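Heavy-atom basis, side chains included; hydrogens, waters and symmetry copies ignored. We name chains A, B, ... by the order of the sequence lines, and we start the count at 1 in each one. None of these values were measured; they are calculated from a predicted model.
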Amino acid sequence: MYDCFYASVFENENPELRAVPLAVQQKQIIVTCNYEARRRGLHKLQLIREAKKICPEVVIVLGEDLTRFRNASKELYAFLRSFSWNSKVERLGFDEVSCDMRSVVIDPNVSQSPLLLFLPETSFPLPFSATYYIIDHNVGLLNANDFTNSYFCLSKSDPTAGFAFNASQLAGHAYPEESNDISGALQLDPLRLRLHLTSHLAQHLREALHSEKGYTCTVGVSTNKLLSKLVGNLHKPNSQTTLLPPYGFETEEPDNATLFVDDHEVGKIPGIGFKLAQKLRAHVLQRPAEFDDGLVYGGTKEKVLVRDVRTFPGMSAETLEQVLGGTGVPHGIGARVWGLLNAYDDTAISQARDVPKQISIEDSYIRLDTMEEVLKELRMLSLSLLKRMHADLLEDEEDEDKAETLPINGTRKRWLAYPKVVRLSTRPRPPQNPDGSRNRSFARISRSAPMPNFVFNLKENVDIRCERLVTEALIPLFRKLHPEKSGWNLSLVNVAAANMVDAASDKGGVGRDIAKMFKRQDDVLKQWRVDDEDDTLSVETGVIDKQLPQDAIAQDTVAMDVSKPDKDRTGSEDFPTTSQQSTGDTGDWESEDEDMLDDDMFRCECGAVMPVFAMAAHGRWHEQN
DNA sequence: TGGGGTCCT
DNA sequence: AGGACCC
């Protein structure tokens, strides 16, 4: 993870800040601070007042707008990804990245279909990789007679890209600590050798990140996510730690991995959150559910360590399933937690996703209890949301002849994905107890509706689209959440674009053929042209359109995506919306039609009625029939 | 205690 | 739609 990321972003913008104690504020708390500030006693998630009392000289910058952090995070992420050979690079939050450097070989003798073996967790001999992975490859390059003068190759295609290193030594810290030179043992322990190489690669990446991007980071090196994360915490700013073998795959002896995990409090294990930790503590402490939370955050007074749970009489995956399971708890939680307690974690590092699953904007409030204020906030949040959709979901269209993309400011853009759903969430402030105490809860409530198509129409001014989103979607949703005219008091409002559906990357001729098909309605199409080669629902409709006649396609799609929202919008009596009434201002085509089509609907030549995003799939159906 | 995100039920 | 988890 990057060291005190938010603070580092500000320091990179303004290097003078590096020398002073710097804290980043969101609302009433310090969300992070640089190490200069930590030396003076400040820490994360500290109240502003407290921080000022302890360190009056602290420089405080506001960090509620995440744009700069998001941009920096993306840039650093792309940088790290550029080193990867397998694209298995995953981001967690803004400041944490996991890279899968593990070795994977395909053994043609074992199976016809590729069999993946994760070498660090086996004693499989090295190296005959059919597929090159960076650590495998570099293990293969070693000269067994001279580990001290090794060369790490960073590129499959360019042998000159790389760095010299000493493979007999570990880079950075080790756990447990030990003397660094173990060259005699190397040949006997392939896992250790790999960890050595990985530690040098990690160091190289850290140095590159620092020299080329200006950021320091802290890294953990091990064989799975759990161990890498935990071991990374040991030496914190600008450093790295490797968990040394033995890991105990076949040994009965206590191994380093188990010993290491054993010393953690159960709640510190990633994957064991507040609820699970409470249940585990209660079970081990026999009965009493652990008196806790005085007034402040976090830990309990009686510590329950992983060891205490793991070695508790009768403990097993099955027992844990009993202890932890219940309604709402994922199946297999017992096995999962049992694995974590035993230093085992098979969670994969997934390939990088280009588009997020969801985009949301939120703000919190001391008090928000009038409709006027709510309206103002909804406008601001919506505008931010639309801008974020532009930033994260829009791609430059390189193919000029591709047609249908909309010029904005001279450049053509296309949507990478379409959120199908807009969601409004609020956090109502808990009512006062009779005794006057506050019953704090962070629970949110939410309602969602189909994302109106007009938000994708780049020809329309963003402010107009924002206003329509507020009046046509968000206000009705708000009324559903809070039917009473008043009496509510919100501490948070969140607007999200969710259920992201990839625009089919298609790129083929299909898009053009579709466009031809609907030529006669070109004027109509134009206003929706943002949907473009719109296979936006290809996953769903792609299946349907091969099995059903076109009427069924249209009706099914309509039922799913349009009639529901329409009911919602018109069902709100107090807040008549413009979805039906205002259609007159969206074009004159509709008056020429016999029946009233909904705003977002389209009729094909064949008579089928469908939302715009279903057109591509519908077109393909025509082609096949 | 913030402003985000993911996955599961 | 909500809950639990993560940063």
Side-chain angles (χ1 to χ4, degrees), chain A residues 1-6 23-33 43-51 62-70 73-74 77 90-98 217-218 225-226 229-230 232-233 267-279 293 295-298 324-333 336-337 340 345 347-350 353 355-366 381 384-385 388 392 421 423-428 438 440-449 477 480-481 491-500:
Chain A
M1 56 192 298
Y2 315 122
D3 298 320
C4 48
F5 182 56
Y6 287 8
V24 181
Q25 173 184 194
Q26 283 175 343
K27 294 297 179 319
Q28 45 211 343
I29 65 169
I30 303 278
V31 287
T32 195
C33 56
H43 56 83
K44 290 174 165 185
L45 305 186
Q46 188 172 36
L47 287 171
I48 292 284
R49 303 210 200 138
E50 215 177 307
L62 199 62
E64 290 168 13
D65 182 345
L66 304 186
T67 306
R68 46 159 53 80
F69 312 131
R70 186 178 298 111
S73 177
K74 275 188 193 172
Y77 180 49
E90 200 180 67
R91 206 166 51 135
L92 186 57
F94 284 176
D95 71 339
E96 209 179 281
V97 173
S98 304
C217 65
T218 294
K225 270 190 184 176
L226 200 225
K229 281 180 77 154
L230 289 181
N233 289 331
K268 292 286 180 49
I269 302 302
I272 302 181
F274 182 78
K275 297 282 184 173
L276 290 178
Q278 285 292 78
K279 288 184 186 177
D293 64 16
L295 294 171
V296 215
Y297 114 104
L324 303 174
T327 59
V329 177
H331 291 114
I333 189 68
R336 175 95 231 280
V337 169
L340 295 176
D345 176 16
T347 311
I349 293 176
S350 54
R353 238 203 321 264
V355 155
K357 295 243 166 190
Q358 155 193 323
I359 296 176
S360 78
I361 303 283
E362 70 190 41
D363 206 344
S364 59
Y365 311 91
I366 305 295
L381 294 170
S384 298
L385 184 67
R388 280 256 279 130
D392 295 0
V421 163
R423 182 179 60 226
L424 178 68
S425 310
T426 65
R427 186 208 291 153
R438 84 292 181 131
R440 59 179 168 158
S441 135
F442 295 88
R444 299 168 181 215
I445 53 178
S446 70
R447 293 295 182 271
S448 54
L477 288 174
K480 276 212 249 178
L481 279 172
S491 60
L492 178 140
V493 177
N494 174 299
V495 180
N499 287 31
M500 214 65 77

Among all residues two or more places apart in sequence or in another chain, which pass the salt bridge (Lys or Arg N to Asp or Glu O under 4.0 Å) test with [X]?
X: A/Arg336; result: A/Asp345
X: A/Arg444; result: A/Glu362
X: A/Lys74; result: A/Asp392
X: A/Arg68; result: A/Glu13

What nucleic acid atoms does [X] come within less than 4.0 Å of, heavy atoms only: base, sugar-phosphate, or nothing?
X: A/Ile269; result: sugar-phosphate
X: A/Ile445; result: sugar-phosphate
X: A/Ile30; result: nothing
X: A/Lys229; result: sugar-phosphate

Reading nucleotides 2-9 of chain B from 5' to 3' and marking B where a protein heavy atom lies under 4.0 Å of the base, S where only the sugar-phosphate is that close, and - otherwise, the string is BBSSBSSS
Per side chain to side chain contact (heavy atoms under 4.5 Å, CB included), A/Val31 is matched among A/Gln26, A/Lys44, A/Gln46 by A/Gln26
With sequence neighbours left out, the residues meeting side chain to side chain donor-acceptor pair (under 3.5 Å) with A/Thr218 are A/Asp3
For A/Thr426, the side chain to side chain donor-acceptor pair (under 3.5 Å) test, sequence neighbours excluded, returns A/His482
Contacts of A/Asp363 meeting side chain to side chain contact (heavy atoms under 4.5 Å, CB included) (sequence neighbours excluded), chain-then-number -> A/Lys27, A/Tyr365, A/Glu377, A/Leu381
First and last nt of DNA chain C near chain A, cut-off under 4.0 Å to heavy atoms, 5' to 3', are C/dA1 to C/dC7
